[in-house]
Amino acid sequence: MGEVVPRAIEIFPNGEIGIAWSDGREDIHPPARLRRACPCAECVDELTGRRRYDPARIPDDLRATGWKAVGGYGVRFDWSDGHDTGIYSFEYLRALGEAPHPA
């Protein structure tokens, strides 16, 4: 089987982000969780890997206002806080979907 890629990405009315993968797996993400995991250089120090902000400052009611494909390897989300520079590779999104969600 080839590389696992999203078949569909949907922003649901309740704000959650659904990803249907080519292997049949489906992940549902709370938007604030994905925003807190943003991998961009503004959010993560490229040398140390440390977060540049306090994740608690991202409000729980944050929403994704849209998304765009980036090449054949990832997606970029537009967030209600104005942030839009994070590129989430398919591999990274898959790993986030496999990680346990905090209670």
Side-chain angles (χ1 to χ4, degrees):
M1 186 160 123
E3 181 184 8
V4 178
V5 297
R7 276 188 301 108
I9 298 174
E10 185 174 349
I11 300 170
F12 298 115
N14 70 356
E16 291 181 322
I17 299 166
I19 303 174
W21 295 94
S22 58
D23 66 354
R25 179 187 170 93
E26 294 183 0
D27 294 323
I28 304 292
H29 295 279
R33 181 174 188 260
L34 283 185
R35 172 64 180 89
R36 289 177 184 128
C38 181
C40 81
E42 183 180 327
C43 294
V44 179
D45 184 285
E46 293 179 273
L47 297 177
T48 67
R50 291 185 184 164
R51 289 265 155 220
R52 294 179 180 258
Y53 65 90
D54 177 2
R57 295 184 66 199
I58 304 295
D60 288 335
D61 64 351
L62 176 120
R63 298 279 184 149
T65 59
W67 66 272
K68 292 184 175 56
V70 177
Y73 68 92
V75 298
R76 182 185 59 76
F77 293 98
D78 298 317
W79 300 108
S80 59
D81 65 357
H83 191 69
D84 65 358
T85 57
I87 297 173
Y88 296 73
S89 70
F90 298 152
E91 182 179 342
Y92 185 55
L93 280 174
R94 181 69 178 215
L96 290 171
E98 294 170 349
H101 290 245

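No experiment lies behind these values; they were computed from the predicted model shown.
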- Would you call D61 and R63 a salt bridge, using N to O less than 4.0 angstrom? no

- Aromatic W21 / basic R94 pairing, under 6.0 angstrom, 45° off normal: yes

- Query: In Å, rounded to the nearest 0.5 Å, how long is the span from CD1 of I9 to NE2 of H29?
  - Reply: 9.0 Å

- Item | Linked, directly or transitively: W79 and V44 (ILVMFWY side chains, under 4.5 Å) | no

- Note on the structure: Paired with V75, the side-chain contact (heavy atoms from CB on, under 4.5 Å) test is passed by just one of I19, I87, L93, namely L93

- Message: Under a 3.5 Å distance rule, please check whether R25 uses its side chain to pair with a backbone N or O of G97 as donor and acceptor.
- Response: yes

- Task: Flag yes if more than 12 heavy atoms outside E98 fall under 6.0 Å of its CD atom; otherwise flag no.
- Result: yes

- Message: Donor-acceptor check, side chain of Y92 to backbone of C38, threshold 3.5 angstrom: yes or no?
- Response: no

- Transitive ILVMFWY cluster of L47, excluding itself - 4.5 Å side-chain cut-off: none

- Task: Find the distance between CG (L62) and CZ (R57) and round it off to the nearest 0.5 Å.
- Result: 13.5 Å

- Query: Do the charged groups of D45 and R52 touch, with an N to O distance under 4.0 Å?
  - Reply: yes

- Query: Can you tell if the side chain of Y53 reaches within under 4.5 Å of the side chain of I58, non-hydrogen atoms only?
  - Reply: yes

- Query: What distance do D23 atom CG and E3 atom CD have between them, rounded to the nearest 0.5 Å?
  - Reply: 11.5 Å

- Task: Could you grab the distance from atom CG of D27 to atom CD of E16, nearest 0.5 Å is fine?
- Result: 11.5 Å

- Query: For F90 and G72, which heavy atoms make the closest approach, and how far apart are they?
  - Reply: CE1-O, 3.2 Å

- Task: Using a 4.5 Å cut-off on heavy atoms from C-beta on, say whether the side chain of P55 contacts that of R35.
- Result: no

- Item | Where F12 and I28 come nearest, the two heavy atoms and their spacing | CE1-CD1, 3.6 Å

- Taking only residues at least two apart or on different chains, which pairs with a member in residues 66-77 satisfy side-chain hydrogen bond (donor to acceptor under 3.5 Å, both in side chains)? R76-D78

- Message: With a 4.5 Å cut-off on side-chain heavy-atom distances among I, L, V, M, F, W and Y, is there a chain of contacts connecting V70 to L34?
- Response: no

- Item | Partners meeting salt bridge (charged side-chain N to carboxylate O under 4.0 Å, His left out) with D60 (sequence neighbours left out) | R36

- Query: For V5, does its backbone N or O pair with a side-chain atom of S22 as donor and acceptor, under 3.5 Å?
  - Reply: yes

